[in-house]
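Written out below as structure tokens is the structure these notes cover.
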Number of protein chains: 2
Amino acid sequence: MSETISALPTFRAIDVIRKKRDSIELTREEIEGLVNAYTRGDVPDYQVSAWLMAVVLRGMTRPETAALTDAMLRSGEVLDLSSLPQKKVDKHSTGGVGDKTSLVLAPLAAAAGIAVPMISGRGLGHTGGTLDKLEAIPGFNVNLPVTEFRRVLEACGCAMIGQTAEIAPADRKLYALRDVTGTVESPYLICASIMSKKLAEGIDALVLDVKTGSGAFMKSEKDAAFLAELMVETGERMGKQVVALITDMDQPLGKMIGNALEVIEVVEVLRGEGPGDLRELCLHLAGWMLHLGGVSKTVAEGTKLSSELISSGKALDKFRHMIELQGGDARVVDDTTRLLQARRTSQIVSPKSGVISSMQRKEDSVDPAVGIVLHKKVGERVESQEPLATVYYNSEARAEQARLLIVDSIQIADAAPAKRPLIHRVIQKSGEKH
Amino acid sequence: MSETISALPTFRAIDVIRKKRDSIELTREEIEGLVNAYTRGDVPDYQVSAWLMAVVLRGMTRPETAALTDAMLRSGEVLDLSSLPQKKVDKHSTGGVGDKTSLVLAPLAAAAGIAVPMISGRGLGHTGGTLDKLEAIPGFNVNLPVTEFRRVLEACGCAMIGQTAEIAPADRKLYALRDVTGTVESPYLICASIMSKKLAEGIDALVLDVKTGSGAFMKSEKDAAFLAELMVETGERMGKQVVALITDMDQPLGKMIGNALEVIEVVEVLRGEGPGDLRELCLHLAGWMLHLGGVSKTVAEGTKLSSELISSGKALDKFRHMIELQGGDARVVDDTTRLLQARRTSQIVSPKSGVISSMQRKEDSVDPAVGIVLHKKVGERVESQEPLATVYYNSEARAEQARLLIVDSIQIADAAPAKRPLIHRVIQKSGEKH
């Protein structure tokens, strides 16, 4: 094994590894050199994984984090959407069970006159991804080439696709390496991964939904706030308007879990129905998108306008239009039985009377082939033998696993637990808190 | 990139990486699993380098260090020298400029009736290795197969060869990876690397010479003592008698530097001549080898006996015999002009009068093609234009580099600096200090 030296004679990967190991701040050039050389294949995996572990354990300064984000962003194509007259605003969530807000927000913000060029990922670990949910709509194509993506965006103001080979290739390569080397869990690397992909969309502003609680990647509010501040500051350093909301993920969002069921709940919210927590979070996030997009003077005004766009049916029309443009069966909006869903159902009843005190999610993943509809949420009263949830399934064995998971997750107590706010706090500009 | 899983279904490299990253103590089975899977090629470099960086930054407990040493030791052949009637004792030095004690100690201890099965390395960084020095003797073969090594050992009580493919293959693979991933500098990894190779020699006892000072790998005495205690404890955990001497490396050891010149100085010491510091250190280390080898009741008695074996010419005879058995020209012992050395010489004179206050070595390596004879050492008085050193060389360009290095290294002051002891301390059994 011999030391690999990049094309630039002054750049040596080993020096960059040693500096990070010894907690010496890296320069923009060093970070850029490492990312570019790795993307080109000029630095081997074993050097980068050592560097990644040093980053996990030593951390990064804010300028280092911004330099890493920038290098990853510029490792591929950066969309130029300047020909679109609207402000370009996107939203990103760190994910949690039942989080289907993206599917509501893209058409809702588009209905308000904002362009939403949303490039999303697959499900990671215990939650389904936006792409998986969209694919429950028959025919919906999430693999549009960039030219087609732009055409849909121009035509209806929103478009939703998966990551393309052209966008931030460094992130794809680094993420695959992080996944197998125990280097996923670093706020600096998470920030650079999220922000590099989102800023490659050519957006003006970004609303971040950072989850906290037992069902979130960041269990503690402190960790969630740290990541949120890091992303907001990194975005600002790169000349973008970024706001982060720390929101609750101590129980699933809404009542439906599973790709097809979640699309049903999205349609419900766009019809002005659906569960309160999901509706409230969507309206609040939409308020911020409209405000950052220059459509409303305040967030409250943006929320109000969003609510009106739902009542008038304009948001649902946008969703219908986008589905159509991306090859999907738009009739699902009016007839959700057309969604690809499991055929069989089974009830889970409460073993005793009381109040749901916790629906703590485990690390275990929810089987994507199984859907769950929750009939009760935390704080609600339940009687013995009353239905707690319905499981949708095709395979009996998988249904049994899901049933065990649910029974194991739901705790019933005598009294209601203290109510947790849905939105814990808002982080904007240089750590300013709302 | 997919996660690599070893043959054992319960062992996953990623879990071992994550535990070390999170400072959770690894079990013997986990460490053994990782080392064995890596040696077999079942775990990729990029996972092991991430783990190594986590070890560098998180450290290891004593049981973890012993488990790593043991796994590396057992990754290859462990010599069984039980057929030899003598006690088997070796010596290892962490290295420094001018350190040629191994070449004195092997024949000296053998002359006292101890078996010294010495397997050494090449020079690393700024110092020549024992093998490089031996190869200055025409014909000397350091690449004997194990059967031949054993034959020499049986015939004369000592044998000196290079690492074979059979001994601790895990160390060779890990060291190559550490070298290019910034993970050399960890006392735990250094300990496991040294101890696994030495204990694979099938020895009963080991004397460690851990250098400290500006010319040593471990600059501070604290770091040197930490490594020494770690190696002593690891050896004891593995049922071996181990002692470590922390010795001074603030200036080169002896007066001759360079492979051929160092053999000359070895012959001088074995003749009862040579520079005081080198002679003193050799006698002291030999005293410990004889004591641990059961030849003398005390270290002082071992030192006295060693001195007698030099005076009587028996140590030099052993050296002659070993050279002969390993195919070398034993006449070099009586006629050192037969050594492979540079042809041309050049004097370096002092620019001013004063006292040598420092001969600090830089990180820069001494060119192995150039030899240096120091005429003055730290604390000695020098007059303006008096010779400081003689450079032996073949290439004018390389001689000039060496001259600059020497001029740059030697500091001349008005008064003598405080004298540093040659032996700082002795570390034996569970951190007990002498």
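Residue numbering restarts at 1 for every chain, and letters A, B, ... go by the order of the sequence lines.
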Those residues of residues 59-69 of chain A, ordered by number, that approach chain B below 4.5 Å (heavy atom to heavy atom):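 Contacts with chain B: none.
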
Listed once per pair and sorted, the salt bridge (Lys or Arg N to Asp or Glu O under 4.0 Å) pairs that draw on residues 181-195 of chain B, sequence neighbours left out: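 For residues 181-195 of chain B: Arg21(A)-Glu185(B).
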
Where is the tightest heavy-atom contact between [X] and [Y], given as atom of each residue plus distance?
X	Y	value
Ile14(A)	Asp179(B)	CD1-O, 3.6 Å
Ile17(B)	Thr181(A)	CG2-O, 3.3 Å
Tyr46(A)	Asp45(B)	CB-CB, 3.6 Å

